[in-house]
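This report refers to the structure that appears directly beneath it.
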Amino acid sequence: MKYNNLEAFRKKLREHKLCKGMIITMTDPVVSEIAGEIGCDFTWIDAEHNLLDPETIMHHIRAVRGSDCAPLVRVPWSEWGIIKPILDAAPAGVIIPMINTAAEAAEAVSCCKYPPFGKRGFGIKRCSCYGSIPFSDYLEAAKTDPMVILQLEHISVLKELDRILQIPGIDSICIGPADLSGSMGKPCDYDDPEIKKVLDEIAGKVKKAGLYLGTAESLTADWRQRQVDWIANMSDCGALLAGARTELKA
């Protein structure tokens, strides 16, 4: 959809370009404008761990229009009433956290799809370009717009991973290494052989299933070897902190 740069983002993914993005935690949409201006392929608007209300999220989504930056929103939780207004704001994709079972994955997809494929409600506004496109065309586009991205971040997901990856309507899997390693009793110990083995296994199965692989982490040799397709390798606060420290030392 022309409002969210999804076509540009998907084109980069199809061409096997590693897409890099910025995690957005601040309320001021200027940080999203900056992300688009410096050439980020996407933003990760994080409504799970930050106090971003729906109106603020809408401003962040709008802020990258005019760039090639695709706004992704991580919703606070996989719940129909939470996801619904975010979809109506027309992000390029929604990241749905802490999916551990096939049943949870199917429910998350259902929240993002209109009937008969799901249970998304018809509260159409910005997502249909304010009614400027034919309704039938909008419904056709809505089958694949926005991207549905499920985040796996607990060791228990391994029990049902194969079943999850077979569920129709999933565009991408995002691995949450911090919480996943924490669930194994070794928070953020990414050099631990057991942690590496689990991350490698999930990544390998995601790629074999033909889904895009994403994460939010530093772009290490391990993630390159896992053939990550998109990675949120910076944040607005992190960039501010790093730049300020550099200037102070100078």
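Numbering of residues begins at 1 and proceeds along the displayed sequence.
Across P71 and I45, no two heavy atoms sit closer than the pair CB-CD1, 4.1 Å. Nearest heavy-atom pair, A105 versus I164, reported as atom, atom and distance to 0.1 Å: CB-CG2, 3.9 Å. The two residues G169 and V148 come nearest to each other via the heavy atoms O-CB, 3.5 Å. Closest non-hydrogen pair, L219 versus N233, comes out as N-CB, 4.4 Å. Nearest heavy atom pair, residue I57 against residue A47, reads CD1-CB, 3.7 Å. The nearest pair of heavy atoms linking L72 to I95 is CB-CD1, 4.2 Å.
The side-chain contact (heavy atoms from CB on, under 4.5 Å) test applied to D229 returns L13, K207, Y212, L213, not counting sequence neighbours. With sequence neighbours excluded, the residues that form a side-chain contact (heavy atoms from CB on, under 4.5 Å) with E153 are P97, M98, Q151, D179. Not counting sequence neighbours, the partners of D171 by the salt bridge (charged side-chain N to carboxylate O under 4.0 Å, His left out) test are R10. Among residues two or more places apart in sequence or in another chain, the side-chain contact (heavy atoms from CB on, under 4.5 Å) test is passed with L240 by M26. When the side-chain hydrogen bond (donor to acceptor under 3.5 Å, both in side chains) test is applied to T25, the partners found at least two apart in sequence or on another chain are D236. For S183, there are no side-chain hydrogen bond (donor to acceptor under 3.5 Å, both in side chains) partners at least two apart in sequence or on another chain. E107 is linked by a side-chain contact (heavy atoms from CB on, under 4.5 Å) to C111, K119, counting only residues two or more places apart in sequence or in another chain.
Rounding to the nearest 0.5 angstrom, the gap separating the OG1 atom in T101 from the NE2 atom in H154 is 12.5 Å. Annotation: the span from N50 atom CG to C237 atom SG amounts to 7.5 Å, rounded to 0.5 Å. Taking CE of M234 as the start and OG of S218 as the end, the distance is 10.5 Å to the nearest 0.5 Å. Atom SG in C69 sits 11.5 Å away from atom CD1 in I61 (nearest 0.5 Å). Atom-to-atom distance recorded for S235:OG and M22:CE is 7.5 Å, nearest 0.5 angstrom. Atom OH of Y190 sits about 3.5 Å away from atom SG of C188, to the nearest 0.5 Å.
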Side chain to side chain contact (heavy atoms under 4.5 Å, CB included) between D192 and M184, intermediate numbers included | CA-CA 11 Å; D192 179 84; M184 297 173 67; 5.8 Å; no
Checking side chain to side chain contact (heavy atoms under 4.5 Å, CB included) for the pair T27/L52: CA distance, chi angles, key distance, verdict?
-> CA-CA 6 Å; T27 57; L52 303 182; 3.9 Å; yes
Yes or no on salt bridge (charged side-chain N to carboxylate O under 4.0 Å, His left out) for K205 and E201, after CA distance, side-chain angles and deciding distance?
-> CA-CA 6 Å; K205 289 189 174 184; E201 179 181 351; 3.7 Å; yes
Should D189 and S181 be marked as a side chain to side chain contact (heavy atoms under 4.5 Å, CB included) after you check the CA-CA gap, both sets of side-chain angles, and the distance that decides it?
-> CA-CA 7 Å; D189 188 0; S181 60; 5.9 Å; no
Show your working on side chain to side chain contact (heavy atoms under 4.5 Å, CB included) between C127 and L87 and close with a plain yes or no.
-> CA-CA 7 Å; C127 55; L87 297 174; over 6 Å; no
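Taken together through direct or relayed side-chain contacts under 4.5 Å among Ile, Leu, Val, Met, Phe, Trp and Tyr, V31 and I38 form part of one hydrophobic cluster. Criterion: ILVMFWY side-chain heavy atoms under 4.5 Å apart, direct or through other members. Under it, F9 and L211 are not part of a common hydrophobic cluster. By the rule that hydrophobic residues join a cluster once side-chain heavy atoms approach within less than 4.5 Å of another member, I173 and I167 end up as members of one cluster. L165 and I155 end up in the same hydrophobic cluster when Ile, Leu, Val, Met, Phe, Trp and Tyr side chains are linked at under 4.5 Å. Each of L152 and I23 belongs to its own hydrophobic cluster when Ile, Leu, Val, Met, Phe, Trp and Tyr are linked at side-chain heavy-atom distances under 4.5 angstrom.
Side-chain polar atoms of S172 and W230 form a donor-acceptor pair below 3.5 angstrom. Side-chain atoms of Y130 and Y3 include no donor-acceptor pair closer than 3.5 Å.
The stretch residues 241-250 participates, sequence neighbours left out, in no side chain to side chain donor-acceptor pair (under 3.5 Å) pair at all. Listed by first then second residue, pairs satisfying side chain to side chain donor-acceptor pair (under 3.5 Å) with a partner in residues 75-95 read D88-R120, not counting sequence neighbours. Applying the salt bridge (Lys or Arg N to Asp or Glu O under 4.0 Å) rule to pairs touching residues 89-98 yields nothing, sequence neighbours excluded. Pairs passing the salt bridge (Lys or Arg N to Asp or Glu O under 4.0 Å) check and including a residue from residues 121-141, sequence neighbours excluded, read E140-K143.
Its side chain outside the 4.5 Å cluster rule for every partner, F117 clusters with none of the Ile, Leu, Val, Met, Phe, Trp and Tyr residues.
For the side chain to side chain contact (heavy atoms under 4.5 Å, CB included) test with I170, the passing option among I96, V109, V206 is V109; the others fail.
For K186, the NZ atom counts as densely surrounded, since its 6.0 Å shell holds more than 12 non-hydrogen atoms of other residues, nucleotides or ligands. Within a 6.0 Å sphere centred on NZ of K12, heavy atoms belonging to other residues, nucleotides or ligands number more than 12.
Side-chain contact check for E217 versus V228: every heavy-atom pair is 4.5 Å or farther apart. Using a 4.5 Å cut-off on side-chain heavy atoms (C-beta onward), E104 and L150 make no contact.
E48 contributes no side-chain N or O that, together with a main-chain N or O of R74, makes up a donor-acceptor pair within less than 3.5 Å. A donor-acceptor pair under 3.5 Å links the side-chain atoms of T215 to the main chain of I175, judged by distance alone. Proximity of a side-chain donor or acceptor of D145 to a complementary backbone N or O of A141 within less than 3.5 Å is not detected.
Ion pairing between K11 and E7 fails under the 4.0 Å rule for side-chain N and carboxylate O.
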